[in-house]
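Read through the structure below, which is laid out as structure tokens, and then see the notes.
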Amino acid sequence: MIDASLLDQILVATGMGLVGAVVFAAIGLVSGTDETTTLAPLTLLVVLLGVPPEGVFTFFLAAAVAKHMTHAVPTALLGIPGDTMATPLLQDANVLRNLGVPHIALRKMVSGAIIAAFIAVPLAVLFAVLLAPYGAAITKAAPWIFVVAAVAIAYFSSGRWASVATLVPFVVVIVALQALTGKYGVKLSISYFLGIAIGPLVADLFSVISPAARARMKRDKVRTFSLAPDVKGWSGYFPNPFKVLDRGQVKWTFATAAVSSATFVFSPVAMTVVLGELVGSRVKHAYHRLTTTLAARNGVTEATYIAEALIPLIAIGLPLSPVAAGPAAPLFNAPPVFTIDAASGQTHNLHNLLSHWEFLGYGMLAVVLAALVAYPFTMNFARRAALFVSRKVSHEAIIATFVGLIVVISVWEGQLLGLLVILTMGLLGGLLSRAIGFNTGVQFMGYYTAVLTVPAVVKAFG
């Protein structure tokens with residue numbers, strides 16, 4: 001007989017997981033919907049609404065898994081990356097589009113993703129449990145670890161040494177804004193996070209009102225897309241991913257997912273590129289190389305996202321990875337519900353509220369829900385969905401929705417100062433990301449360096 005409280009928790013987790021899977025399966029169909037800009041604010045909203053910890057966790061994980069299945073639709077069928085993580089898939093997908101088999105590319109990508117997701121959750125929990133005994137020491141050293149992690153993540157970003165050098169003035173700007181808002185008795189945290197998350201969007205909005213930038217953004221003709229006819233190669237509604245992929249593709253998907261499930265410090269995009277190149281170098285036949293690489297790479301996008309969120313969350317409770325510091329940041333720090341103490345590095349978040357077995361159980365539940373929603377939908381209705389989105393869905397309306405949500409949250413936290421901080425951080429971060437590759441993952445690590453490391457440095461040497 002299941003305990004009544006446990007049954008309630010499972011029902012809440014199932015309900016929130018379904019919401020996350022449905023919403024982000026739909027969002028993934030819209031090209032250019034960056035994970036940080038969409039997943040992070042909605043997860044933050046779920047936390048602030050008071051959803052129980054198991055509901056928050058399943059919402060986030062089901063949303064991430066579903067989005068990394070459906071982001072394959074615009075990537076494979078329209079030739080536009082569904083989000084940042086889909087960018088490394090675009091070249092091989094375009095080759096298959098030009099060969100007239102985009103539906104094959106799509107099926108390989110989505111099947112690789114669903115297999116990798118089921119592999120990544122138990123492996124990530126296992127690696128987190130192995131790392132957990134060192135959690136107390138890591139927490140104590142957190143202010144200094146954040147500096148090292150920030151520099152490492154900056155170096156492995158597209159900006160390389162420029163990103164490393166930019167960390168210093170970026171941290172100074174955050175410290176200065178904290179001093180300014182503190183002078184008026186306003187303490188902000190969510191506003192910094194949201195400002196960084198929507199940086200590219202803020203930069204684009206400012207560019208539109210600039211005559212010089214607007215002239216560069218103009219196009220002399222409307223962009224057109226060609227969609228190949230849909231060809232269904234199975235019976236029933238739920239195809240078997242192990243039949244969609246051949247044995248070699250399943251093997252490479254397993255191997256790359258296992259490797260990426262053990263890493264949580266490196267850039268997810270870099271992991272996707274590197275492991276994809278490794279797979280491609282081992283397959284000789286050109287067509288088979290393309291399809292195998294796509295399956296493995298999309299599997300890596302799933303596994304890396306899962307591992308980079310789960311391992312720091314379970315083992316340490318501090319956002320020590322690009323995903324943890326970016327899209328998954330509300331799972332770690334969403335005051336007043338989830339907090340990280342700047343002085344001691346102590347945490348009160350999902351790390352403290354869920355056990356290892358709960359992370360495993362609810363994690364597998366989230367993957368199952370995302371698979372039930374996103375996988376058959378993508379495999380059966382991808383062409384019709386892509387056609388509907390490209391013709392009927394206004395990208396501007398989706399952007400306006402998220403802008404409105406962010407304005408409400410910033411005003412709730414800090415009134416006018418909260419809104420000004422979001423605009424400042426967004427414009428600065430967006431321009432730096434566009435100009436020198438100082439991406440949002442590095443910026444989040446800069447934020448945590450400012451709130452955790454700078455006070456420790458002042459205390460040690462003040």
Side-chain angles (χ1 to χ4, degrees), residues 17-35 38-39 58-78 80-90 92-93 102-121 230 234 237-245 249-250 253 256-257 260-261 268 272 276 291 294-307 309 323 327 363-386 388-389:
L18 278 174
V19 171
V22 171
V23 170
F24 279 89
I27 290 176
L29 297 171
V30 183
S31 60
T33 48
D34 181 74
E35 299 95 335
T38 55
L39 186 53
T58 51
F59 173 87
F60 171 84
L61 197 58
V65 172
K67 192 177 193 306
H68 287 126
M69 287 190 212
T70 57
H71 78 177
V73 175
T75 307
L77 300 188
L78 300 178
I80 317 170
D83 49 37
T84 307
M85 290 296 294
T87 304
L89 309 171
L90 189 60
D92 290 344
H103 56 287
I104 300 296
L106 175 67
R107 292 167 191 171
K108 299 292 185 182
M109 291 160 70
V110 180
S111 298
I114 189 174
I115 292 172
F118 280 101
I119 296 169
V121 170
D230 197 11
W234 62 88
Y237 181 69
F238 201 106
N240 185 347
F242 292 97
K243 292 184 178 180
V244 176
L245 303 181
Q249 291 165 347
V250 170
T253 301
T256 52
S260 52
S261 297
T272 304
T291 53
L294 280 173
R297 277 184 168 164
N298 207 38
V300 172
T301 69
E302 286 281 25
T304 307
Y305 239 72
I306 291 169
V323 173
M364 293 305 294
L365 174 63
V367 173
V368 168
L369 293 171
L372 290 175
V373 171
Y375 181 68
F377 169 77
T378 304
M379 295 293 280
N380 289 290
F381 305 109
R383 188 183 188 279
R384 274 176 277 179
F388 175 80
V389 168

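This chain uses plain numbering: 1 for the first residue, then up along the sequence. The figures here come from the full heavy-atom set of this structure, side chains too, leaving out hydrogens, waters and symmetry mates.
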| said: Once side chain to side chain donor-acceptor pair (under 3.5 Å) is applied, do any residues pair with Ser111, and if so which ones, sequence neighbours excluded? | reply: Tyr375
| task | Taking all heavy atoms of Leu245 and all of Ala295, pick out the closest pair and write down the distance. | result | CD2-CB, 3.9 Å
| Do the side chains of Leu61 and Val121 get nearer than 4.5 Å, heavy atoms only? | yes
| query | Does Val19 have any side chain to side chain contact (heavy atoms under 4.5 Å, CB included) partners at least two apart in sequence or in another chain, and if so, which? | reply | Val23, Phe59
| said: If the condition is ring pair (Phe, Tyr, Trp, His ring centres under 6.0 Å), which residues does His71 pass it with, not counting sequence neighbours? | reply: His68
| Is there side-chain contact between Leu106 and Val73, with heavy atoms separated by less than 4.5 Å? | yes
| Closest heavy-atom contact between Ala257 and Ala303? | O-CB, 3.7 Å
| remark: Ala66 meets the side chain to side chain contact (heavy atoms under 4.5 Å, CB included) criterion, sequence neighbours left out, with Ala21, Ala25, Ala370, Ala374
| With sequence neighbours left out, which residue pairs that include part of residues 295-307 fulfil the salt bridge (Lys or Arg N to Asp or Glu O under 4.0 Å) condition? | Asp92-Arg297, Glu277-Arg297
| message | On a heavy-atom basis, which atom in Ala64 and which in Leu39 lie closest, and how many Å separate them? | response | CB-CD2, 4.0 Å
| Phe60: ring pair (Phe, Tyr, Trp, His ring centres under 6.0 Å) partners, not counting sequence neighbours | none
| message | Are the side chains of Ile119 and Ile115 in contact, using a 4.5 Å heavy-atom criterion? | response | yes
| request: Would you name the heavy atoms of Ala72 and Met109 that are closest together and state the gap between them? | output: CB-CE, 3.5 Å
| request: Begin from the C-alpha positions of Tyr305 and Val65 and carry the test side chain to side chain contact (heavy atoms under 4.5 Å, CB included) through to its verdict. | output: CA-CA 8 Å; Tyr305 239 72; Val65 172; over 6 Å; no
| said: Tell me the closest heavy-atom pair linking Lys108 and Val244, and the distance in Å. | reply: NZ-O, 2.8 Å
| said: If you compare all heavy atoms of Val373 against all heavy atoms of Leu18, which two are closest, and at what distance to 0.1 Å? | reply: CG2-CD2, 4.1 Å
| message | With heavy-atom distances below 4.5 Å as the criterion, would you say the side chains of Phe377 and Met69 are in contact? | response | no
